[in-house]
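A quick write-up on the structure given underneath.
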Amino acid sequence: MASEKVETVVAGNYVEMEREEEEGQSNSTKTKLSKLFWHGGSVYDAWFSCASNQVAQVLLTLPYSFSQLGMLSGIIFQLFYGLMGSWTAYLISVLYVEYRTRKEREKVDFRNHVIQWFEVLDGLLGKHWRNIGLFFNCTFLLFGSVIQLIACASNIYYINDNLDKRTWTYIFGACCATTVFIPSFHNYRVWSFLGLIMTTYTSWYLTIASLLHGQVEGVKHSGPATMVLYFTGATNILYTFGGHAVTVEIMHAMWKPQKFKLIYLIATIYVLTLTLPSASAVYWAFGDLLLNHSNALALLPRTGFRDTAVILMLIHQFITFGFACTPLYFVWEKFIGIHETKSLFKRAITRLPVVIPIWFLAIIFPFFGPINSTVGSLLVSFTVYIIPALAHMMTFASASARENAVERPPKRVGGWAGMYSVNIFVVIWVFIVGFGFGGWASMVNFVHQINTFGLFTKCYQCPKHN
């Protein structure tokens, strides 16, 4: 019986899923409903998760980035970082499959254990790589969750300004804390599907509403005006296509993780059909006004369509908060030793302390827009670009490792030589342009926001009509 279980795991299927199917024979209707809405693990689920998670509130800040970069640079950077992000997501998937295959050969069973990126690094490269990966990944996901809370407060203010943004942050912090009850990425099936519909609606609303509105009187398109603004805008786009910090968890939620390979690239192509038209149209209509309005919804007139977009984005930000926070929940569970418990309630209660620092940081730094670029340059650059590229090169540095690799480089990229060439380019480019120039520019801009509005500001970029 034990050997059958191991063989099942090696094949890429999850034993617990098969058990549910067996139990479903006696309660088929309940199981069918559960599988339909709750238990996802197909290629399509992974695609919806990647596409839904990749573009959330950042959809509303990309026009702001275009005002900093200019139209041409904005389009080029989206295409360039979209391709680069897809490449490093592919590297992460290769390393995950390599790690999992090695462990399964040692008869390790992952039935009640979610594999995470830092564990992949630990298994392939040792504890120092694990510690570096854990630090960057957790810090990025922490601030990624913070950004979702800030975005909730920023958006709801445009349909109800009776409360200031800080108060809305308190309220949505409590709402987002309910994500502790979602066990894993298996259980985001319906949410991922709905989330993508929500961002698709919002994107095309921004595009059509901007085109119908037309250009404001005396519109100017002066970007790029300064180096600081230029590299701040570029790092926001780096952040946009760096949403694959949860790639390993999404892969682990698949019934057959080996099929992940090109899913992120296909998701990115779809996301580009949302981000390019919306950012271009809003920037065309409002130009330099966006420099002082990091949320594109602020410039569009209030209509039923805009209110719908706001509400849908609020729901989507709740979903994305869960995506960013769930890996942090897993890390915390492992740290206190209850990760493999089967009690959902016990896990949920012990997860709550993770939400508190997120809540607090969202109140300290409510700078919707500028915080994206800062996180992008200082954290995303390493978490999902530099570290995966370096880890891949180190893992397959020896001839024997390359010979026994589970996933070999595709011939169309030039085999191992081509793969190493691309990886070296990614590391150098992101370190110099993303972390170096981007870090300098985003920190200058971030400090400017602090000096202008102050920490704990009650209502960031709110109109002064009160």
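Worth saying up front: this structure is predicted, and the values here are computed from it rather than measured.
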Apply side-chain contact (heavy atoms from CB on, under 4.5 Å) to Glu333 and Thr341, showing your working. CA-CA 9 Å; Glu333 288 172 359; Thr341 185; over 6 Å; no

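- Heavy-atom minimum distance, Leu272 versus Phe241: CD2-CZ, 3.5 Å.
- Across every non-hydrogen atom of Ile237 and Gly74, the tightest pair is CD1-O, 3.8 Å.
- The aromatic rings of Phe77 and Phe80 lie perpendicular to each other, with more than 60° between the two planes, well past the 30° mark.
- With no hydrogens or angles considered, a side-chain donor-acceptor pair links Asn423 and Trp87 at under 3.5 Å.
- Note that CG of Leu149 and CZ of Phe321 are 5.0 Å apart. Values are rounded to the nearest 0.5 Å.
- Aromatic rings of Phe335 and Trp332 (six-membered ring for Trp) have centroids within the 6.0 Å cut-off, being under it.
- A donor and an acceptor atom, one from each side chain of Ser49 and Ser192, are located under 3.5 Å apart.
- No more than 12 heavy atoms of other residues, nucleotides or ligands lie within 6.0 Å of CZ in Phe193, so this atom counts as exposed by the packing criterion.
- In terms of heavy atoms, Gly144 sits closest to Tyr239 at CA-OH, 4.4 Å.
- The shortest distance between side-chain heavy atoms of Arg100 and Val406 does not fall below 4.5 Å.
- Heavy atoms of other residues, nucleotides or ligands lying less than 6.0 angstrom from CE of Met394 number 12 at most.
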Test log, rule side-chain contact (heavy atoms from CB on, under 4.5 Å), inputs Met419 and Leu91: CA-CA 10 Å; Met419 202 159 198; Leu91 297 180; 3.6 Å; yes

Check step by step if side-chain contact (heavy atoms from CB on, under 4.5 Å) holds for Leu312 and Tyr205. CA-CA 12 Å; Leu312 291 179; Tyr205 159 73; over 6 Å; no

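- With no hydrogens or angles considered, a side-chain donor-acceptor pair links Ser52 and His316 at under 3.5 Å.
- Sorted by first and then second residue, the side-chain hydrogen bond (donor to acceptor under 3.5 Å, both in side chains) pairs with a member in residues 271-284 read Gln78-Thr275; sequence neighbours excluded.
- A side-chain hydrogen bond (donor to acceptor under 3.5 Å, both in side chains) check over residues 424-435, counting only residues at least two apart or in different chains, returns the pairs Tyr81-Trp429.
- Side-chain N/O atoms of Ser442 and Asn445 include no donor and acceptor closer than 3.5 Å.
- A search for side-chain hydrogen bond (donor to acceptor under 3.5 Å, both in side chains) contacts involving Ser203 returns nothing, not counting sequence neighbours.
- For the atom pair OG1 of Thr374 and CG of Leu379, the computed distance is 9.5 Å after rounding to the nearest 0.5 Å.
- The shortest distance between side-chain heavy atoms of Val331 and Val354 does not fall below 4.5 Å.
- When the side-chain hydrogen bond (donor to acceptor under 3.5 Å, both in side chains) test is applied to Asp288, the partners found at least two apart in sequence or on another chain are Ser222.
- No side-chain donor-acceptor contact under 3.5 Å links Thr395 and Tyr99.
- The two residues Met393 and Val427 come nearest to each other via the heavy atoms CE-CG2, 4.2 Å.
- Heavy-atom contacts from other residues, nucleotides or ligands closer than 6.0 Å to NZ of Lys261 number 12 or fewer.
- In this structure Thr178 satisfies the side chain to side chain contact (heavy atoms under 4.5 Å, CB included) test together with Phe318, sequence neighbours excluded.
- To the nearest 0.5 angstrom, Ile263 atom CD1 is 9.0 Å from Ile250 atom CD1.
- Inspection of the Thr247 and Tyr264 side chains reveals no N or O donor paired with an N or O acceptor under 3.5 Å.
- Residues Ala46 and Met254 share a closest heavy-atom pair of CB-SD, 3.7 Å.
- Contact between Ala298 and His293 at its shortest, heavy atoms only, is CB-CD2, 4.1 Å.
- Inspection of the Gln68 and Tyr64 side chains reveals an N or O donor paired with an N or O acceptor under 3.5 Å.
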Verdict with reasoning, Asn137 to Ile387, per side-chain contact (heavy atoms from CB on, under 4.5 Å): CA-CA 10 Å; Asn137 202 275; Ile387 292 176; over 6 Å; no

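- Using a 4.5 Å heavy-atom cutoff, the side chains of Phe286 and Leu300 are in contact.
- Counting non-hydrogen atoms of other residues, nucleotides and ligands closer than 6.0 Å to OH of Tyr44 gives a total of 12 or fewer.
- Take Arg102 and apply the side-chain hydrogen bond (donor to acceptor under 3.5 Å, both in side chains) test, not counting sequence neighbours, and it matches Glu98.
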